[in-house]
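Computed over heavy atoms, backbone and side chain alike; hydrogens, waters and symmetry mates excluded. This one's a predicted model, so the numbers in the text were calculated from it and none came from an experiment.
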Amino acid sequence: MVASRITISCRREINAIYYGLLASGYDFAEIGKSADLSGLILRAKAGRIPRRHAGFFAAARQNTCGQYPYWPRAALMESAVFFIGDTANSPPFDDRRYREYVMSRRNLLPEEADGGFWAWISHFPAALRGILDNEAFRRMNRELDCIVERVAAAQDEELRELFVKLETIYEAERMELKTVEVIICPLKCAYSADYFECDGKQHVIIGEWRPESVIHESLHPAVNRHTAKRRDEILRYSNRETLQNSGIDESYFLSNDGDGILNAFEEIAVRKLAAAVCGEAQPADIDGIISGMLRMNRH
């Protein structure tokens, strides 16, 4: 059944991250949220957590992304959850594999994964455990579970349609579309979406149900294959000046080198493809979108 290949879920570890962030000054959660959710968010903001943990979560705020200063540390905490063991036979935190994952990412500045980051993230397992053991958080997490369950129940037909759209793109690319788990954390900014892939699943982590965000994040692997293949052509005809009019944040350009230009170009291409898939106003053809962007850049 198609809908079984894409699911909506709630994860207490992701909720715990944003509970800790809210208790430590995170100020993006209320934007675009309902009055009911705003009440929950205000309660989380008033939550009391140990000073050492509050200091850890407060340090997630950085200055490398103007639009969202919690990039990339909030996203890197989310992905770290998948490297924490959940059984007696699992390592408490697979630091080696997590380090390999972070260093393999091409959308981080050198200073976003330097020694300061590694010193900071080493405290993540203890800080996360401190929130998970917090009784006020446990009560709130039960409420968050119920909220997300209601969202999931209401979106069954839309999930089917969404997966068919994604599958059409992946089949055209002769790629396998993995099972998609949409993790909704109502304490997270509604306009922030993150993507992580492991164990044969795509995990899309969002602050509220926004199908366009799910499509956007799920299309990155397909578009990345094209931008990697056409790297030389993209760099020949693209630069910061030709791409800046798209309205993307400066942080996408990274160090303004080849990797940064490619990263910004891919983000713009994904946005164009996602708009085509959502609106069906034009053929959702990746090569065609990239070629169209390059034609514009030549002029």
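Here Leu42 sits alone; no ILVMFWY side chain lies under 4.5 Å from its own, so it joins no hydrophobic cluster.
A search for side-chain hydrogen bond (donor to acceptor under 3.5 Å, both in side chains) contacts involving Glu197 returns Tyr195, not counting sequence neighbours. Glu217 meets the salt bridge (charged side-chain N to carboxylate O under 4.0 Å, His left out) test with no other residue; sequence neighbours excluded. Under the rule for a salt bridge (charged side-chain N to carboxylate O under 4.0 Å, His left out), Glu266 has no partner lying at least two apart in sequence or in another chain. Applying the side-chain hydrogen bond (donor to acceptor under 3.5 Å, both in side chains) test to Gln202 and every residue at least two apart in sequence or in another chain returns Tyr170, Ser218. Partners of Arg271 under the salt bridge (charged side-chain N to carboxylate O under 4.0 Å, His left out) rule, at least two apart in sequence or in another chain, are Glu267. Partners of Glu135 by side chain to side chain contact (heavy atoms under 4.5 Å, CB included), not counting sequence neighbours, listed by chain and number: Arg138, Arg139, Arg142. Under the salt bridge (charged side-chain N to carboxylate O under 4.0 Å, His left out) criterion, Arg96 pairs with Glu100, sequence neighbours left out. Scanning for ring-ring contact (aromatic ring centres under 6.0 Å, His included) contacts around Phe265 gives an empty result, with sequence neighbours left out. In this view, Ser291 and Arg230 satisfy the side-chain hydrogen bond (donor to acceptor under 3.5 Å, both in side chains) rule, not counting sequence neighbours.
Sorted by first and then second residue, the salt bridge (charged side-chain N to carboxylate O under 4.0 Å, His left out) pairs with a member in residues 104-123 read Arg106-Asp259; sequence neighbours excluded. Sorted by first and then second residue, the side chain to side chain donor-acceptor pair (under 3.5 Å) pairs with a member in residues 36-46 read Glu30-Lys45, Arg43-Glu143; sequence neighbours excluded.
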